[in-house]
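Just so we're on the same page: letters track the sequence lines, and every chain starts at 1. Computed from heavy atoms alone, side chains included, the values below leave out hydrogens, waters and symmetry copies.
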Protein chains: 2
Amino acid sequence: MSQSSHASTASTLHEVARIAGVSPSTVSRILNGTARVSDDKRKAVEAAIANLSYKPNLLAQGLKKGRAMTIGILTQDLASPFFTEALMGVEAALAGSGYAPLIVSGHWHADEEAERVELLMARRVDGIVILSGSLSDKQIGRFAERLPIVATGRRIDTGQARGIALDQLEGARLATDYLLELGHRQIAFIAGLPEHDDARARLAGYRAALEAAGIAFNPALVVQGNFQESGGLLAVNELLETRQRFTAIFCANDQTAYGARLALYRRGIRVPDDISIIGFDDLPNSNYTTPPLTTVRQPVYEMGKQAARTVLQLLNGETPTLTQLPLELIMRESARRIL
Amino acid sequence: MSQSSHASTASTLHEVARIAGVSPSTVSRILNGTARVSDDKRKAVEAAIANLSYKPNLLAQGLKKGRAMTIGILTQDLASPFFTEALMGVEAALAGSGYAPLIVSGHWHADEEAERVELLMARRVDGIVILSGSLSDKQIGRFAERLPIVATGRRIDTGQARGIALDQLEGARLATDYLLELGHRQIAFIAGLPEHDDARARLAGYRAALEAAGIAFNPALVVQGNFQESGGLLAVNELLETRQRFTAIFCANDQTAYGARLALYRRGIRVPDDISIIGFDDLPNSNYTTPPLTTVRQPVYEMGKQAARTVLQLLNGETPTLTQLPLELIMRESARRIL
DNA sequence: TTGAAAGCGTTACCAG
DNA sequence: CTGGTAACGCTTTCAA
């Protein structure tokens, strides 16, 4: 196209060999520790490597070995703290393994997700971690015919595919039970997007807890959110306008809770004095809201870590050991006993 | 090592050629649109590609072409909303360019950062975006001898290296001036980590604004934070314990402001009625704190976008057009006129 | 212990 | 318009 003042080209294994006065094979052997080499040659090679500051071309290596030493990560939303935390876990699990993460995002759109996975495979990643998303189990299964895949938020266990699911229903029950224990009887629920399995499971947990406590489910207390702050804000406004009576709000996730809390603040309704709020996720921020948010902690970091570790195990032909990660109620200050 | 039930191996260009009854060269030409091919052969090849669901091996392609179609991104902290937003900008700029981002993180540690950059180069990325960090301009310059690099938070413009810096001092002045306008005279400042250029520039901006307004700088009103919520919390406690009088707090970043706000909440001090708070960054969350946080918006998304776009331009041998991105005061509800 | 040579999956040059 | 061939940088037999 146009000529750019181009980079000083990187040194190759051949040059190292030439300078050290040995064959390329020998250099390769030293690099990979794949056979014994006499001390003098080793010295010469190491010197050459140092002063050329030679670094093997990972592309060539990957092509030759058939392994690119890369794990593909399909995330949905780089901006969401939830995914971000999972990513950190993945990063931690991969650290020191020799595998580098290749992160792409699918934006919750099945077509885009599939395309991204194809891209990862075209780059010959060795395994893939899928963080939630809208791909069907069937599609994932098909991809897993080619390489190991671990997907979160799913229960699969076929061939080279594994799923790591957290018990959302149980988490929602935990939250609702706690509110019940505190004496609340009219508990509103701001739901997540119904197309998300997680959202439906949380709603189910809320209902289950209510029923177990012998409280009739009141549909007017359930209002649709969108897993975002904006949805929480709107939902509370709606709740207030329809003049429902309630003393607590259970939000389908923390972001929703932030929005709900702001809506209450706008009307001068105090938390937790007038109304209790409880969230779901335990985002890092929830420790610093006013008041700090009582919520259900999802071990997202650990989940990411386990997912990546599992891919690594699959890659080594080991049998992965998947342990169920528990959700946990984090009691802070946004919910309190009803007087 | 151990034998795993291995993946069905991917199809190659040769197989496509064989099935379509043409030579590999022809397939390659069709794939790359690099020469005219007769319609019947094209049809045959396309059919073969479709039913093998063939995808070119990007490793081989990269090796051959010398371009891996990858842009390396060095970030510092995957969990920080600040970096996350920049990443989104990068992602947006890269979308549709054919280049994929390869994200690694350096955790604010120069050695680790350098190592990561080496890793990126070993993978033969075509260009690199460095989001802040502790690398010296000199080091970056050296790296840039090999490939185009755009770094944020720096002013460099040598060879293949470019810097994109936001005017931190100006931003801090904006915030301080605003507080001054609102009638505040005793303005505390919670500083960032002194080893960050940005932190020092913001402190300088604060002092400059004070001086311009003829207000003596009071060192007792400046307390050290750490750019995290915890630092803000501690800093406010310290301020309160030393019994300094102040009516407003300017925090070196939004996270600090969140912590500061919580410290105030804990003591029953109202914001903004008793004390005004102003932050720096405008993180997504700042729209949903109680009260919503008045802050200085850094166009981080745009910065990431511009950084990636610039790398692309450098790669094409175009002359990048860098425009200075302005900081902007976002007036929300955490600061108000003093009575 | 060492080197030569073949090949990983592509692309690009050169004939035809 | 098309096919053969060499080469990208590396690893891995196979001989020596």
Side-chain angles (χ1 to χ4, degrees), chain A residues 1 6-7 9-46 48-49 52-70 98 121-126 146, chain B residues 1 6-7 9-46 48-49 52-70 98 121-126 146:
Chain A
M1 176 161 297
H6 244 55
T9 170
S11 55
T12 73
L13 177 148
H14 271 81
E15 302 177 46
V16 173
R18 195 171 44 76
I19 296 197
V22 302
S23 79
S25 323
T26 300
V27 179
S28 172
R29 282 192 269 259
I30 292 179
L31 250 27
N32 297 289
T34 182
R36 296 189 58 85
V37 176
S38 71
D39 254 21
D40 46 342
K41 304 219 171 198
R42 148 164 284 118
K43 291 260 170 56
V45 168
E46 278 165 356
I49 288 181
L52 285 179
S53 67
Y54 164 75
K55 293 279 187 305
N57 180 333
L58 262 23
L59 250 39
Q61 239 174 223
L63 176 60
K64 180 67 203 181
K65 300 201 196 173
R67 301 176 304 135
M69 297 308 286
T70 306
M121 302 202 311
R123 290 194 179 251
R124 294 303 186 269
V125 299
D126 304 291
R146 306 185 142 293
Chain B
M1 174 161 298
H6 243 55
T9 170
S11 55
T12 72
L13 176 145
H14 271 82
E15 302 177 47
V16 173
R18 196 171 43 75
I19 296 197
V22 302
S23 78
S25 321
T26 300
V27 179
S28 173
R29 280 190 272 259
I30 292 179
L31 252 26
N32 298 288
T34 182
R36 297 190 59 86
V37 176
S38 71
D39 255 19
D40 47 340
K41 305 219 171 198
R42 148 164 284 118
K43 291 259 168 56
V45 168
E46 277 164 357
I49 288 180
L52 285 179
S53 67
Y54 163 76
K55 293 278 186 305
N57 180 333
L58 262 22
L59 251 39
Q61 240 175 222
L63 175 60
K64 181 64 199 180
K65 300 203 197 170
R67 300 177 305 137
M69 297 309 285
T70 306
M121 300 200 312
R123 290 193 179 253
R124 294 303 186 270
V125 299
D126 304 290
R146 305 186 144 293

Can you measure from [atom1] ([X]) to [atom2] ([Y]) and round to the nearest 0.5 angstrom?
X: A:Lys65; Y: A:Asp126; atom1: NZ; atom2: CG; result: 11.0 Å
X: B:Lys55; Y: A:Arg146; atom1: NZ; atom2: CZ; result: 9.0 Å
X: A:Ile49; Y: A:Glu15; atom1: CD1; atom2: CD; result: 12.5 Å
X: B:Gln61; Y: B:Ser28; atom1: CD; atom2: OG; result: 8.0 Å

- Query: How about A:Ser23 and A:Thr26: does a side-chain donor come under 3.5 Å of a side-chain acceptor?
  - Reply: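 There is such a pair (donor and acceptor under 3.5 Å, judged by atom type) between the side chains of A:Ser23 and A:Thr26.
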- Donor-acceptor pair between A:Arg123 and B:Thr70 side chains, under 3.5 angstrom: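 Yes, side-chain donor-acceptor contact under 3.5 Å.
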Interatomic distance, [X] [atom1] vs [N] [atom2] [rounded to whole Å]:
X: B:Ile30; N: D:dC1; atom1: CD1; atom2: C1'; answer: 11 Å
X: B:Leu58; N: D:dC8; atom1: CG; atom2: C1'; answer: 15 Å
X: A:Met69; N: C:dC8; atom1: CE; atom2: P; answer: 21 Å
X: B:Leu59; N: C:dC8; atom1: CG; atom2: P; answer: 15 Å
X: B:Arg18; N: D:dG4; atom1: CZ; atom2: P; answer: 15 Å
X: A:Leu13; N: D:dT12; atom1: CG; atom2: P; answer: 12 Å
X: A:Arg29; N: C:dA4; atom1: CZ; atom2: C1'; answer: 10 Å
X: B:Arg67; N: C:dT10; atom1: CZ; atom2: P; answer: 16 Å

Please determine, for the side chain of [X], which listed nucleotide ([options]) has the closest atom?
X: A:Ser28; options: D:dG3, C:dG3, D:dT12; result: D:dT12
X: A:Ala60; options: D:dC10, C:dT10, C:dG3; result: D:dC10
X: B:Asn57; options: C:dG9, C:dA5, D:dG4; result: C:dG9

- Task: Starting from the first five and the last five pairs of the helix from C:dT1-D:dA16 to C:dG16-D:dC1, work out the angle between the resulting helix axes, to 10 degrees.
- Result: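 That helix has its two terminal axes inclined by roughly 40°.
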- Task: Pick base, sugar-phosphate or nothing for B:Thr12, based on heavy-atom distances below 4.0 Å to the nucleic acid.
- Result: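 It contacts sugar-phosphate atoms only.
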- Task: Find which nucleotide of DNA chain D each of B:Lys41 and A:Lys65 is nearest to by heavy atoms, and output the residue with the more 5' nucleotide.
- Result: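 Its nearest nucleotide lies further toward 5', so the answer is B:Lys41.
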- Most 5' of B:Leu63 and B:Pro24 on DNA chain D, judged by nearest nucleotide: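 This one resolves to B:Pro24.
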- Between B:Thr26 and D:dG3, does any side-chain N or O lie under 4.0 Å from OP1 or OP2?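 Yes, within the criterion.
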- A:Gln61 side-chain N/O to D:dG9 phosphate OP1/OP2 under 4.0 Å: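 So the side-chain polar atoms of A:Gln61 never come under 4.0 Å of the phosphate oxygens OP1 or OP2 of D:dG9.
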- Please state whether the base of C:dA4 and the side chain of A:Ser25 form at least one donor-acceptor pair under 3.5 Å?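 Yes, a donor-acceptor pair under 3.5 Å.
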- Base D:dA7 to side chain B:Lys64, donor-acceptor N/O within 3.5 Å cut-off: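 Between D:dA7 and B:Lys64, which were checked side chain against base, a qualifying N/O pair under 3.5 Å is present.
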- Query: Is there a side-chain contact between A:Leu13 and A:Leu31, using heavy atoms and a 4.5 Å cut-off?
  - Reply: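 A side-chain contact under 4.5 Å exists here.
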- Message: Less than 4.5 Å apart, side chain to side chain, heavy atoms only: is that true for B:Thr12 and B:Asn57?
- Response: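 Sidechains of B:Asn57 and B:Thr12: no contact.
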- DNA chain C: A:Ser38 or A:Arg124, which has the more 5' nearest nucleotide?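 Comparing both residues, the 5'-ward one is A:Ser38.
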